[in-house]
Amino acid sequence: MSALLDTLARIRAEVCALHAELTRYELVVWTAGNVSGRVPGYDLMVIKPSGVSYDDLAPELMVVTDLYGTPVTSLSADANGAPAQWENPALTPSSDTAAHAYVYRHMPEVGGVVHTHSTYATAWAARGESIPCVLTMMGDEFGGTIPVGPFALIGDDSIGRGIVETLQASHSPAVLMQNHGPFTIGKDARSAVKAAVMCEEVARTVHISRQLGEPLPIDPGQIESLYARYQNVYGR
């Protein structure tokens, strides 16, 4: 039990701290957006509470749910039968929890999910338009085009289904959900936040490029080469 409690404390602290990166890079406004992290070794996830100001977030306010988005109200007793000294905050998890949970259930390699309404990426999503791979940075990070996912309403796992269906057919860790905004995934929550930051950067750059003329495409073979090098060689 102590191992689980230690892991929960670590993931809660990490997820809480990463929300500051969303405001730092101006990817969210007010209380919009969310970061979640899978709890390794357990069918649990940690996510931002709904409606709480970013300035007021604290590790102990991060909500722990199962992988169906249901808040966990208790933990099993330890090996000696003693009750766990732990409780979840009496807060509602983010309205996007069902989408995050669906991703974790169907993509076991994913350890973090992020949703933002970052301006440029959301503008592409509003047009239902994918971001073409016209930058070597995109080849590195996204392995090609950043795809558009289907229109879906918040409230059930429809958004999650759209995320999974779109990203399973792509190298990209980012998807632009039509008329909604970007969702990103990663091996952990920090990697998913990085993908969100990079998604907004390339969305802005490609938009500006198109104001000057038609961006030059990159040959698909070169994109694959860029992606393979960056993912398997760069920084190792």
Side-chain angles (χ1 to χ4, degrees), residues 21-22 25-27 33 35 38 99-100 102-152 158-236:
E21 298 299 299
L22 302 189
Y25 288 99
E26 300 182 342
L27 304 184
V35 178
R38 185 194 292 271
H100 290 238
Y102 188 93
V103 172
Y104 290 126
R105 292 200 311 274
H106 292 85
M107 301 182 79
E109 73 279 11
V110 170
V113 180
V114 173
H115 173 47
T116 78
H117 294 159
S118 60
T119 302
Y120 284 89
T122 302
W124 287 84
R127 295 196 302 267
E129 185 176 357
S130 59
I131 304 175
C133 186
V134 294
L135 302 167
T136 57
M137 177 196 299
M138 290 188 68
D140 290 343
E141 295 280 351
F142 301 98
T145 295
I146 297 178
V148 173
F151 177 82
S158 298
I159 292 174
R161 290 199 303 270
I163 294 168
V164 171
E165 289 168 4
T166 305
L167 292 185
Q168 283 183 334
S170 173
H171 284 316
S172 177
V175 55
L176 309 176
M177 294 301 289
Q178 183 180 318
N179 300 109
H180 189 167
F183 282 79
T184 59
I185 60 174
K187 65 181 180 180
D188 51 31
R190 183 173 182 80
S191 296
V193 169
K194 178 190 176 186
V197 173
M198 301 305 291
C199 178
E200 177 64 4
E201 174 66 12
V202 300
R204 182 176 68 91
T205 302
V206 177
H207 171 77
I208 292 171
S209 174
R210 294 208 310 181
Q211 310 315 298
L212 304 173
E214 189 63 29
L216 299 175
I218 301 175
D219 179 85
Q222 296 291 352
I223 293 173
E224 287 293 333
S225 178
L226 287 165
Y227 183 74
R229 174 187 173 277
Y230 189 80
Q231 300 298 320
N232 301 309
V233 178
Y234 180 79
R236 292 177 181 270

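We number each residue from 1, following the sequence as shown.
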Open item on the list: Quick check against the 3.5 Å criterion: does Ser209 have a side-chain atom that pairs as donor or acceptor with the backbone of Thr205?
Closed with: no
Task: Note: Glu129-Arg210 ion pair, threshold 4.0 Å (strictly below) - done: yes
Open item on the list: To the nearest 0.5 Å, what is the distance between CD on Glu224 and CG on Asp219?
Closed with: 10.5 Å
Task: Closest heavy-atom pair and its distance - Val148, Val175 - done: C-CG2, 4.2 Å
Open item on the list: Determine whether a donor-acceptor pair (N or O, by modelled atom type, separation under 3.5 Å) exists between the side chain of Trp124 and the backbone of Leu176.
Closed with: no
Task: Donor-acceptor under 3.5 Å (Tyr104 side chain, Val113 main chain) - done: yes
Open item on the list: To check you understand the geometry: which heavy-atom pair defines the closest contact between Ala126 and Asn179, and what is its length?
Closed with: O-ND2, 3.6 Å
Open item on the list: Rounded to the nearest 0.5 Å, what separates atom OG1 in Thr166 from atom CE in Met177?
Closed with: 6.0 Å
Task: Main-chain N/O of Ala174 paired with Thr184 side-chain donor or acceptor, under 3.5 Å - done: no
Hey, can you pull the donor-acceptor pairs under 3.5 Å for the side chains in residues 105-112, sequence neighbours left out?
| from | atom 1 | to | atom 2 | distance (Å) |
| --- | --- | --- | --- | --- |
| Arg105 | NH1 | Leu67 | O | 2.8 |
| His106 | ND1 | Tyr102 | O | 3.0 |

Open item on the list: As a quick check of understanding, evaluate side chain to side chain contact (heavy atoms under 4.5 Å, CB included) for Val103 and Leu167, giving each step before the final call.
Closed with: CA-CA 10 Å; Val103 172; Leu167 292 185; over 6 Å; no
Open item on the list: Once rounded to the nearest 0.5 Å, what's the spacing between atom CG of Leu226 and atom CD1 of Ile218?
Closed with: 6.5 Å
Open item on the list: Working to the nearest 0.5 angstrom, can you tell me the gap between Arg204 CZ and Thr119 OG1?
Closed with: 11.0 Å
- [ ] Check whether any side-chain heavy atom of Pro182 sits under 4.5 Å from a side-chain heavy atom of Thr122, and report yes or no.
- [x] yes
Pairs under 3.5 angstrom only: tabulate donor-acceptor contacts from the side chains of residues 136-143 to other protein residues two or more places apart or in another chain.
| from | atom 1 | to | atom 2 | distance (Å) |
| --- | --- | --- | --- | --- |
| Glu141 | OE2 | Lys194 | NZ | 3.2 |
| Glu141 | OE2 | Tyr230 | OH | 2.8 |

Task: Short side-chain to backbone donor-acceptor contact, Thr145 and Pro147, under 3.5 Å - done: no
Open item on the list: How long is the straight-line distance from NE2 of His117 back to NE2 of His180, given to the nearest 0.5 Å?
Closed with: 4.0 Å
- [ ] Check whether any side-chain heavy atom of Pro132 lies under 4.5 Å from a side-chain heavy atom of Pro217, and answer yes or no.
- [x] no
TODO: May I ask you to check whether His115 and His100 place their ring centres under 6.0 Å from each other?
DONE: no
Open item on the list: Would the distance check show the side chain of Glu200 and the main-chain N or O of Ala121 forming a donor-acceptor pair, the cut-off being under 3.5 Å?
Closed with: yes
